[in-house]
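For reference, positions follow the sequence shown, starting with 1.
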Amino acid sequence: QLQLVESGGGLVQPGGSLRLSCAASRFTLDGYAIGWFRQAPGKEREGVLCISGSGGSTNYLDSVKGRFTISRDNAKNTVYLQMNSLKPEDTAVYYCAADSTGVCYRFEYDYWGRGTQVTVSS
């Protein structure tokens, strides 16, 4: 079964940084669009950033512009979400998802990870 596994979450103070990883099991991420999403308690899931199969990034969420970046390392079969200047409102479970068409605008992702918790608190 194809799997995505997120890691790198944890507790961080406001203003701190975290780097989340999304690794694939049993398939290569090369060519897939990979999106990062988040869901805070009591709120709907929202898109954060996406990187296309060709490497271009799409920002889904204005509130993270200038603070979060997405990148991929196809050799490591991993996509990263670098989060800087974290705020308490960034607290959520973060998920990665893969779209086999390689584009970021469909919002029809084929595979999802189980998520990693990010908590921003002093």
Side-chain angles (χ1 to χ4, degrees):
Q1 186 176 357
L2 305 182
Q3 291 182 324
L4 293 172
V5 179
E6 302 93 340
S7 62
L11 173 64
V12 63
Q13 292 186 341
S17 298
L18 282 175
R19 188 178 76 160
L20 305 184
S21 299
C22 173
S25 175
R26 300 186 179 89
F27 72 108
T28 177
L29 292 179
D30 194 4
Y32 280 76
I34 305 299
W36 281 98
F37 295 79
R38 70 185 188 186
Q39 187 167 20
K43 296 187 177 181
E44 293 188 353
R45 186 173 62 197
E46 58 186 358
V48 180
L49 277 163
C50 175
I51 188 165
S52 69
S54 59
S57 63
T58 298
N59 196 314
Y60 290 146
L61 192 62
D62 286 345
S63 64
V64 306
K65 283 183 179 178
R67 300 189 297 124
F68 291 12
T69 57
I70 191 170
S71 62
R72 66 192 306 155
D73 186 337
N74 289 336
K76 294 183 178 181
N77 212 26
T78 301
V79 171
Y80 303 99
L81 181 67
Q82 178 67 44
M83 305 186 295
N84 300 326
S85 301
L86 282 161
K87 304 176 181 180
E89 51 264 42
D90 295 318
T91 295
V93 178
Y94 283 73
Y95 302 87
C96 65
D99 183 330
S100 59
T101 66
V103 298
C104 289
Y105 57 79
R106 292 196 324 143
F107 276 85
E108 296 178 13
Y109 287 86
D110 304 288
Y111 308 107
W112 289 83
R114 294 186 176 182
T116 184
Q117 176 70 47
V118 172
T119 302
V120 185
S121 175
S122 55

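In this structure, the separation between CD on Gln39 and CD on Gln117 is 11.0 Å, given to the nearest 0.5 Å. Going from atom CZ of Arg67 over to atom CG of Leu61 covers 8.5 Å, rounded to the nearest 0.5 Å. Rounding to the nearest 0.5 angstrom, the gap separating the CZ atom in Arg19 from the CG atom in Asn84 is 11.5 Å. Between the SG atom in Cys96 and the CH2 atom in Trp112 there is a gap of 9.0 Å [rounded to 0.5 Å]. Here Leu4 contributes atom CG and Ser21 contributes atom OG; the two are 12.5 Å apart, rounded to the nearest 0.5 Å.
Scanning both residues, Ile34 and Ala98, for their nearest heavy atoms gives CD1-CB, 3.6 Å. The nearest pair of heavy atoms linking Thr116 to Gly9 is OG1-N, 3.2 Å. In plain terms, the two heavy atoms of Ser122 and Pro14 that are nearest each other are N-CD, 3.7 Å. In terms of heavy-atom proximity, Ala33 sits nearest to Cys50 at CB-SG, 4.1 Å.
In terms of modelled atom types and a separation under 3.5 Å, the side chain of Asn77 and the main chain of Phe27 share a donor-acceptor contact. A donor-acceptor distance shorter than 3.5 angstrom exists from the side chain of Arg72 to the backbone of Ser52, with no hydrogens or angles considered.
Grouping the Ile, Leu, Val, Met, Phe, Trp and Tyr side chains by contacts below 4.5 angstrom, directly or via other members, places Phe37 apart from Met83. Linking Ile, Leu, Val, Met, Phe, Trp and Tyr whenever their side-chain heavy atoms come within less than 4.5 Å leaves Leu18 and Tyr80 in two separate clusters. Put simply, Val64 and Leu81 are part of the same group of oily side chains (I, L, V, M, F, W, Y) that touch within less than 4.5 Å, one to the next. Cluster membership check: Leu20 shares its hydrophobic cluster with Leu86, using side-chain heavy-atom separations under 4.5 Å among Ile, Leu, Val, Met, Phe, Trp and Tyr. Val93 and Leu49 fall into different hydrophobic clusters, where Ile, Leu, Val, Met, Phe, Trp and Tyr side chains are chained together by heavy-atom contacts under 4.5 Å.
Side-chain contact between Asp99 and Tyr109 is present, with at least one heavy-atom pair separated by less than 4.5 Å.
Taking 4.0 Å as the cut-off between side-chain N and carboxylate O, Asp90 and Lys87 do not count as a salt-bridged pair. Between Glu6 and Arg114 there is no salt bridge, since none of the side-chain N atoms of the basic residue sits less than 4.0 Å from a carboxylate O of the acidic one.
Heavy-atom neighbours of Phe107 CZ from other residues, nucleotides or ligands within 6.0 Å: above the threshold of 12.
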- Item | Chi angles and distances behind the side-chain contact (heavy atoms from CB on, under 4.5 Å) call for Ile70, Phe68 | CA-CA 7 Å; Ile70 191 170; Phe68 291 12; over 6 Å; no

- Task: Dump the intermediate steps for side-chain contact (heavy atoms from CB on, under 4.5 Å) on Thr91 and Val118, then the final yes or no.
- Result: CA-CA 5 Å; Thr91 295; Val118 172; 5.9 Å; no

